[in-house]
Amino acid sequence: MKNVVLRQMTEEEYRNWRAWSVKNYINEMVKTRNLNRTDAKAQAETEFSNLLPDHLSTVNHFLYSADSADGNTVGMIWYEHCEPLRVFICDFVVYDGFRRMGYGSLILKELERMLRQDGIARIELHTFENNAAARSLYKKCGFSQLQMEEAEAGSVYLEKYL
């Protein structure tokens, strides 16, 4: 049976992930929000700098790498502890080469186990409307869509009670 272990992300993993994630976020904003690349880049850089001013040491932000049983790093997950009983998943990635193998569900399941131990009752997250694979995974894992009046165009927010 497959499983994953979540461990604190290393500095090198953080640098590599951040560069990749900013680039990916820029591409998504260009596609879904019709921003030009320059504006999307500026927005992405600003958002990452504001959310993680102290990088891996930013208070209430937790970045984990996900390792498979055979030692491969298959993905990552970053969440913010927003309120005493609620977290918000800021980013979640299953790396190329490990997708469609069940690792996404395993990472979420392991995160839920950890959060329950910490007394967390609710998880929220954002995905882009056009990301059918992510939306399907979240639905399969028990997340439901939040109805939000002020959501950005192309955005979908989901939640799950633990």
Side-chain angles (χ1 to χ4, degrees), residues 4 6-67 72-83 86-101 103-108 110-112 114-115 122-141 143-160:
V4 295
L6 298 182
R7 61 170 173 77
Q8 186 173 14
M9 189 178 278
T10 67
E11 288 289 336
E12 181 180 358
E13 288 171 327
Y14 173 80
R15 284 190 303 275
N16 292 335
W17 161 78
R18 189 180 189 284
W20 177 87
S21 193
V22 166
K23 182 179 174 184
N24 188 59
Y25 191 45
I26 290 166
N27 292 336
E28 287 297 330
M29 286 192 294
V30 168
K31 281 192 295 191
T32 62
R33 296 184 186 157
N34 296 319
L35 292 177
N36 66 53
R37 189 158 292 283
T38 302
D39 290 344
K41 184 177 192 291
Q43 184 175 335
E45 289 290 350
T46 298
E47 286 184 31
F48 273 82
S49 294
N50 289 341
L51 286 170
L52 293 169
D54 296 319
H55 310 282
L56 286 173
S57 300
T58 301
V59 174
N60 292 328
H61 287 260
F62 302 88
L63 290 94
Y64 293 98
S65 290
D67 293 338
N72 289 312
T73 301
V74 298
M76 66 76 57
I77 195 159
W78 160 30
Y79 71 87
E80 177 183 9
H81 195 160
C82 303
E83 297 171 0
R86 179 177 69 92
V87 301
F88 186 88
I89 296 175
C90 302
D91 198 9
F92 169 46
V93 180
V94 176
Y95 297 136
D96 290 341
F98 298 101
R99 293 187 177 153
R100 304 239 179 251
M101 300 171 74
Y103 287 114
S105 297
L106 291 170
I107 293 168
L108 288 171
E110 178 61 11
L111 178 66
E112 289 172 17
M114 291 168 55
L115 294 174
R122 182 174 166 198
I123 301 172
E124 293 179 1
L125 59 85
H126 165 272
T127 191
F128 288 102
E129 195 172 70
N130 67 348
N131 191 340
R135 291 176 65 197
S136 176
L137 171 66
Y138 298 136
K139 183 177 180 181
K140 178 179 136 188
C141 290
F143 284 81
S144 58
Q145 189 166 333
L146 281 165
Q147 300 303 315
M148 299 186 70
E149 294 177 26
E150 299 291 325
E152 304 94 359
S155 290
V156 176
Y157 289 86
L158 300 117
E159 68 180 347
K160 181 175 182 177

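Along the sequence shown, the residues carry numbers beginning at 1.
- By the side chain to side chain contact (heavy atoms under 4.5 Å, CB included) test, Lys31 is found to be paired with Glu28, Asn130, residues two or more places apart in sequence or in another chain being considered.
- A search for side chain to side chain donor-acceptor pair (under 3.5 Å) contacts involving Ser65 returns Glu13, not counting sequence neighbours.
- Taking CZ from Arg86 and CD from Glu159, the interatomic distance works out to 10.0 Å, rounded to the nearest 0.5 Å.
- Under the side chain to side chain contact (heavy atoms under 4.5 Å, CB included) criterion, Phe62 pairs with Tyr64, Tyr79, His81, sequence neighbours left out.
- Partners of His126 under the ring-ring contact (aromatic ring centres under 6.0 Å, His included) rule, at least two apart in sequence or in another chain, are Phe128, Tyr157.
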Side-chain polar contacts of residues 47-59 - donor-acceptor pairs under 3.5 angstrom, sequence neighbours left out - could you list them?
from  : atom 1 : to    : atom 2 : distance (Å)
Glu47 : OE1    : Tyr25 : OH     : 2.7
Glu47 : OE2    : Tyr25 : OH     : 3.4
Glu47 : OE2    : Gln43 : NE2    : 2.8
Ser49 : OG     : Glu45 : O      : 3.0
Asn50 : ND2    : Thr46 : O      : 3.4
His55 : ND1    : Tyr14 : OH     : 3.1
Thr58 : OG1    : Asp54 : N      : 2.9
Thr58 : OG1    : His55 : N      : 3.2
Thr58 : OG1    : His55 : O      : 3.0

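- In this structure, Leu6 and Ala66 approach most closely via the heavy-atom pair CD2-CB, 3.6 Å.
- Here Leu146 contributes atom CG and Lys160 contributes atom NZ; the two are 14.0 Å apart, rounded to the nearest 0.5 Å.
- Taking CG of Asn16 as the start and CE of Met76 as the end, the distance is 12.0 Å to the nearest 0.5 Å.
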Would you tabulate the side-chain donor-acceptor contacts of residues 92-101 under 3.5 Å, counting partners in other chains and residues two or more places apart, or write 'none'?
from  : atom 1 : to    : atom 2 : distance (Å)
Asp96 : OD1    : Arg99 : NH1    : 2.8
Arg99 : NE     : Val94 : O      : 2.6
Arg99 : NH2    : Val94 : O      : 3.0

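- With sequence neighbours left out, the side chain to side chain contact (heavy atoms under 4.5 Å, CB included) criterion links Asn36 to Thr38, Asp39.
- Atom CE of Met9 and atom CZ of Arg18 lie 12.5 Å apart (nearest 0.5 Å).
- With sequence neighbours excluded, no residue satisfies side chain to side chain donor-acceptor pair (under 3.5 Å) with Glu129.
- When the salt bridge (charged side-chain N to carboxylate O under 4.0 Å, His left out) test is applied to Lys41, no partner is found at least two apart in sequence or on another chain.
- With rounding to the nearest 0.5 Å, the separation of NE2 in His61 from CZ in Phe88 is 10.5 Å.
- By the side chain to side chain donor-acceptor pair (under 3.5 Å) test, Asn24 is found to be paired with no residue, residues two or more places apart in sequence or in another chain being considered.
- Residues passing the side chain to side chain contact (heavy atoms under 4.5 Å, CB included) test with Thr127, sequence neighbours excluded: Asn131, Ala134, Arg135, Tyr138, Val156, Leu158.
- You'll find the side chain of Asn34 stays beyond 4.5 Å of the side chain of Met29, heavy atoms only.
- When all heavy atoms of Ile107 and Gly75 are compared, the pair lying nearest together is CD1-CA, 4.3 Å.
- In this structure, the side chain to side chain donor-acceptor pair (under 3.5 Å) partners of Arg33, at least two apart in sequence or on a different chain, are Ser155.
- Counting all heavy atoms, side chain and backbone alike, Phe143 lies closest to Leu125 at CE2-CD2, 3.6 Å.
- The shortest side-chain heavy-atom distance between Leu137 and Leu108 falls under the 4.5 Å cut-off.
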